[in-house]
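Notes follow once the structure below has been shown.
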Amino acid sequence: MTDIKKPARVRFAPSPTGHMHLGSARTALYDYLLARQTGGQFILRIEDTDRKRYVPGAEQELMDGLRWLGLEWDEGPDKGGPYGPYRQSERKEIYLKYANQLIESGHAYYCFCTPEELAKVREEQQKRKEPPHYPGTCRNLDPAEAARRVAAGEPHVIRFKTPKEGQTTVKDLLRGEITVDNRTLDDYIIVKSDGWALYHLAAMVDDFLMKITHVIRGSEWLPTLPLHALIIRALGWEEPEWVHLSVFLKPSGKGKMSKREATDLVKSGHSIFVKDLQELGYTPEGVVNWVALMGWSYDDHTEFFTMEELIEKFSLEHLNPSPAAINFTKLDHFNGLHIRALPLDELASRLKVYFEKAGLAADDATLRKIAPIIQERMVTLDESVELAGFFFRDTVEVNPEELVAKGLTPEESLLAARRSLEVLSSLTEITPETAEPPMRALVEELGMKPGQVFGILRVAVTGQRVSPPLFESMEIIGREKVLERVQLAIGMLAEMVAS
RNA sequence: GCCCCCAUCGUCUAGCGGCCCAGGACGUGGCCCUCUCAAGGCCAAAACAGGGGUUCGAGUCCCCUUGGGGGCACCA
C-alpha cells in the first residue's frame with residue numbers, strides 16, 4: 001500500500017444514447033472519488049462516434065445527472081481543457097492518424113469484405129457451431145495493392161491484425177492477471193467504412209492522449225481487454241491501470257435488467273435512471289451513498305458516508321469483483337438516513353419543488369416550520385406532499401366516519417370533540433406547550449385514551465388519520481383555522497348522531 | 001457453441017491462513033418508547049455451493065464440478 005498516491009487522471013466516457021443509469025452513475029462516482037482523493041482530474045468525454053445511435057438531449061441529461069449527484073468534472077465538452085476536444089465526434093482525424101500508423105507498422109490492414117458477405121460467413125459458422133469470427137479474407141492482401149484499391153475509392157474498413165499465435169496477459173486491478181489465447185481474439189474492425197473509428201481504437205487513443213492513468217469501466221469490457229492491450233502495445237504506448245467493475249443485476253439477482261423491465265420499474269416508485277430517481281424524491285446524498293456501497297465497502301460496520309467521507313475513504317483495493325443485485329429497499333433506507341441528516345433550512349428548500357409539482361403554493365416560512373416535524377417521517381422527499389399537503393390547503397376534506405375514534409361511539413366522539421373545542425378555544429395561542437397539558441387533563445377526565453381524543457382532532461384538523469404530531473401541526477396551522485376545523489367536525493359528528 | 005469473469009445470511013457485504021462454532025447493514029419477526037405514522041433502542045431467526053488437494057491449521061491458497069454473470073457487431 002502506497003500512502004502517497006500520485007494524482008490520478010480518470011475519465012467518465014459515456015455514449016449519449018439514452019438515459020444515464022445506475023451503472024454509469026457508479027462508474028462516474030468512483031472516477032470522481034479517485035480523482036478528488038489523489039488531487040488528480042476527473043474528465044468527461046463523450047463517446048459519440050456512432051451517429052446512428054445518437055440521442056439528442058442525452059448529453060445534456062448526462063451532465064445534469066452528474067451535477068445533480070455532485071460529480072463536477074474538471075475537463076469536458078462544455079468547459080474544455082488542455083487535452084480537448086472532449087467529444088469523440090470532433091476527433092475523427094486523430095483516430096485516422098493512429099489507424100494509419102497501425103497499418104504502416106503492419107498491425108492493421110484494409111479489409112474490403114462487405115457486410116453481406118460477412119453475414120453469410122457468420123451464418124455458416126453458426127451452423128457448424130463454430131464461434132463467429134472474421135475469416136481473414138483480406139488479412140494477407142498485399143499492402144501496396146490494398147492501398148491502391150483504397151486510393152481508387154473502393155469501400156473498406158480497417159481491421160486490427162491480431163496475432164494468431166501465443167497468449168496475451170493483461171492485469172486487471174481487481175482480478176489480477178488475465179490470460180487469453182490470441183487465437184480466440186478476432187481481427188476486430190477499428191475504423192468503419194464511413195471513416196469513423198470504433199471504440200476499440202478511439203478510446204485507446206483518447207485515453208493515451210488525455211493521459212488517463214486509470215480506466216474504470218464495466219466488466220462487459222473484460223472480453224475485449226486483451227484486444228485493447230494489444231492495440232495499445234502496437235501503438236507503442238503504456239497501458240493505464242485497468243479496473244473493471246462488476247455489473248448490476250436486477251433485484252432478483254437473475255441477470256441484467258432489460259429495457260422493458262427498467263421502464264416498468266418506475267411504476268413501483270423506483271428506477272435505475274438517475275433522472276427518475278431525482279423526480280421520485282431521492283436525494284443525491286442517498287443515491288451516492290447507496291451506489292457507492294454496491295461493489296465497494298470500507299470496513300465491517302461503517303455504512304453512512306457523505307461525499308467528503310467517500311473521497312477520504314474510497315480505495316480501489318476494496319472493490320468487489322462479483323456482480324451485485326440492485327436492492328431498492330436499501331436505497332430507501334439510505335435516502336431516509338440522508339434526509340434526516342439534512343440541515344432544516346436545506347430540507348425545507350428541497351421540499352418546495354415537490355409541493356409545487358402537486359399544485360400547492362408552499363411558502364418558505366411554512367415550509368421551514370414543517371421541515372422538523374416531517375423530517376424523520378419521510379423515505380423520499382415527495383412523500384412530504386401526502387404527509388403535509390394539508391398545511392397548504394384552505395380547507396381539509398374530512399371523512400365523517402374517521403371522526404369516530406376506535407372504541408368510541410359517535411356520541412362519545414362528539415362529546416370528546418366538543419370538550420376539546422372548549423379547551424382549545426380557551427387558549428390565546430395553540431402550541432404544544434399551551435395545548436398539550438390541558439388536553440391530556442381532559443382526556444383523563446373523560447376517561448378516554450389519548451389516542452382516541454387526539455385521533456379525532458387529528459382527523460378534524462388535518463383530514464388525515466396519519467399526520468405529523470398533532471399539537472405541532474396545530475401550532476403551524478394556527479388557532480383560528482384549528483378552531484374552525486374542529487367546529488366543522490363537531491357539526492359532522494352531530495349530524496351523524498342525529499340521523 | 002466458444003471465450004472471459006464471479007461464488008460468505010433472502011439482498012449488499014466484512015473476512016486478504018490461526019483473532020471466525022463467521023462480524024455489520026437492509027429486509028423479516030418480537031419487545032420497548034409512543035397522540036397516528038415514523039424515527040430511535042433492545043432481542044431473534046438467517047450464510048462460508050459441492051468435492052478433492054496444500055498446510056500443524058482453510059471461509060481465506062490450488063484444482064475440478066456445479067451454479068450465476070458477461071462477451072462473441074461497420075454499438076459502446
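Any value given below was found using the heavy atoms of this structure, including those in side chains, with hydrogens, waters and symmetry copies removed. Below, chain A is the first sequence line, B the second, and so on; all start at residue 1. Computed from a prediction, not measured in an experiment: that's the story for all the values here.
Following rounding to the nearest Å, A:Glu220 (CD) and B:C4 (P) show an atom-to-atom distance of 18 Å. Separating the CG atom of A:Leu331 from the P atom of B:U13 is a distance of 15 Å, rounded to the nearest angstrom. Going from atom CG of A:Asp299 over to atom P of B:C12 covers 19 Å, rounded to whole Å. Straight-line distance from the CG atom of A:Leu319 to the P atom of B:C5: 17 Å, rounded to whole Å. Note: CE (A:Met448) to P (B:C35) measures 17 Å, nearest angstrom. Protein atom CG of A:Leu249 is 18 Å distant from nucleotide atom P of B:C5, rounded to whole Å. To the nearest angstrom, P of B:G1 lies 12 Å from CD of A:Gln126. Rounded to whole Å, the distance from CD1 on A:Ile326 to P on B:G27 is 18 Å.
Residue contacts for A:Leu293: at a heavy-atom cut-off of 4.0 Å it reaches the sugar-phosphate backbone alone, with no base atom in range. Among the atoms of the strands shown, base atoms are found under 4.0 Å from some heavy atom of A:Ser467. As judged by a 4.0 angstrom heavy-atom cut-off over every strand, A:Trp196 is placed among residues making no nucleic acid contact. Within the 4.0 angstrom heavy-atom criterion, no nucleotide atom of any strand lies near A:Cys111. A:Asn327 comes within 4.0 angstrom of a base, heavy atoms only. Looking at heavy-atom distances under 4.0 Å, A:Lys129 makes contact with sugar-phosphate atoms alone, never a base. Nucleic acid contact class of A:Gly255 (heavy atoms, under 4.0 Å, all strands): sugar-phosphate only. Using a 4.0 Å heavy-atom criterion, one finds that A:Pro323 contacts the sugar-phosphate atoms exclusively. Within 4.0 Å of A:Gly336, counting heavy atoms only, lies no atom of the nucleic acid at all. Backbone-only engagement by A:Arg175 is indicated by non-hydrogen atom pairs under 4.0 Å involving sugar-phosphate atoms exclusively. Here A:Pro450 lies in heavy-atom contact (under 4.0 Å) with sugar-phosphate atoms only. Within the 4.0 angstrom heavy-atom criterion, no nucleotide atom of any strand lies near A:Ile374. Looking at heavy-atom distances under 4.0 Å, A:Pro468 makes contact with a base. Using a 4.0 Å heavy-atom cutoff across all strands shown, A:Ser297 reaches sugar-phosphate atoms only and no base atom.
At a cut-off of 3.5 Å, with distance as the only test, no side-chain donor of A:Ser467 or A:Gln464 sits close to an acceptor on the other residue. A donor-acceptor contact under 3.5 angstrom links the side chains of A:Tyr282 and A:Asp332, judged on distance only. Under the 3.5 Å distance criterion, with hydrogens and angles disregarded, no donor-acceptor pair is assigned to the side chains of A:Thr184 and A:Asp181.
Out of B:C35, B:G1, B:C37, the shortest distance to the side chain of A:Glu472 is found at B:C35. If you check B:U13, B:C5, B:A76 against the side chain of A:Asn320, the one that comes closest is B:U13. Set against B:A76, B:A25, B:G69, the side chain of A:Glu47 has B:A76 as its closest nucleotide. When the nucleotides B:C12, B:C74, B:G69 are ranked by their closest atom to the side chain of A:Ala324, B:C12 comes out on top. The side chain of A:Leu222 has B:C5 as its nearest neighbour among B:G1, B:C5, B:C35. Residue A:Phe454 has its side chain nearest to B:C35 when only B:C37, B:G70, B:C35 are considered. Nearest to the side chain of A:Ala325, among B:U11, B:G40, B:G1, sits B:U11. In the set B:C75, B:A73, B:C3, B:A73 carries the atom at the smallest distance from any side-chain atom of A:Arg122. Proximity note for A:Glu436 (side chain, C-beta onward) versus B:G69, B:C4, B:C35: the nearest is B:C35. Closest approach to the A:Arg159 side chain among B:C75, B:C74, B:C37 is made by B:C74 (side chain taken as heavy atoms from C-beta onward).
One N or O donor and one acceptor, one from the side chain of A:Arg377 and one from the base of B:C37, sit under 3.5 Å apart. For A:Thr184 and B:C3, a side-chain-to-base donor-acceptor distance below 3.5 Å is absent, hydrogens and geometry of angles not being considered. On a pure distance criterion of 3.5 Å, a polar donor-acceptor pair joins the side chain of A:Glu303 and the base of B:G24.
Comparing B:C63 with B:C20, their P atoms sit 29 Å apart, to the nearest whole Å. Distance check on atom P: B:C12 versus B:C74 gives 35 Å, rounded to whole Å. Across the P atoms, B:A47 and B:C4 are found 34 Å apart, a figure rounded to whole Å.
Within the structure, every side-chain polar atom (N or O) of A:Lys250 is placed at least 4.0 Å from both OP1 and OP2 of B:G69. Here A:Thr224 does not reach the OP1 or OP2 of B:G71: none of its side-chain N or O atoms lies under 4.0 Å away. Of the side-chain N and O atoms in A:Arg340, one or more sit less than 4.0 angstrom from OP1 or OP2 of B:G40. Using a 4.0 Å cut-off, no side-chain N or O of A:Lys254 falls inside it from OP1 or OP2 of B:G69. Distances shorter than 4.0 Å separate some side-chain N or O of A:Lys256 from OP1 or OP2 on B:G71. Dashed line: the shortest gap from a side-chain N or O of A:Thr17 to OP1 or OP2 of B:A76 is not under 4.0 Å. OP1 or OP2 of B:C35 sits under 4.0 Å from a side-chain N or O of A:Arg440. Distances shown here put a side-chain N or O of A:His318 below 4.0 Å from the OP1 or OP2 atom of B:G15.
No close placement of the A:Phe248 and A:His21 rings is indicated, their centers lying 6.0 Å or farther apart. Taking the six-membered ring wherever Trp is involved, the centroid distance between the rings of A:Tyr109 and A:His156 does not fall below 6.0 Å. Ring to ring, A:Phe305 and A:Trp290 are not that close: their centroids are 6.0 angstrom or more apart.
When each of A:Val180 and A:His333 is assigned the nucleotide of RNA chain B with its nearest heavy atom, A:Val180 is the one assigned upstream, toward the 5' end. Across the interface with RNA chain B, nearest-nucleotide mapping of A:Gly253 and A:Arg183 shows A:Arg183 to be the residue nearer the 5′ end.
Below 30°, between 30° and 60°, or above 60°: for A:Phe304 and A:His338 the angle between ring planes is below 30°, a parallel geometry.
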Working note: A:Asn182 + A:Gln167, criterion side chain to side chain donor-acceptor pair (under 3.5 Å); need CA distance, chi angles, decisive distance, verdict.
CA-CA 5 Å; A:Asn182 290 336; A:Gln167 298 181 317; over 6 Å; no
Please assess A:Asp172 against A:His244 for the test side chain to side chain donor-acceptor pair (under 3.5 Å), listing each intermediate value before the final yes or no.
CA-CA 7 Å; A:Asp172 173 77; A:His244 291 86; 2.9 Å; yes
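Other residues, nucleotides and ligands contribute more than 12 heavy atoms inside 6.0 Å of the CZ atom of A:Arg128.
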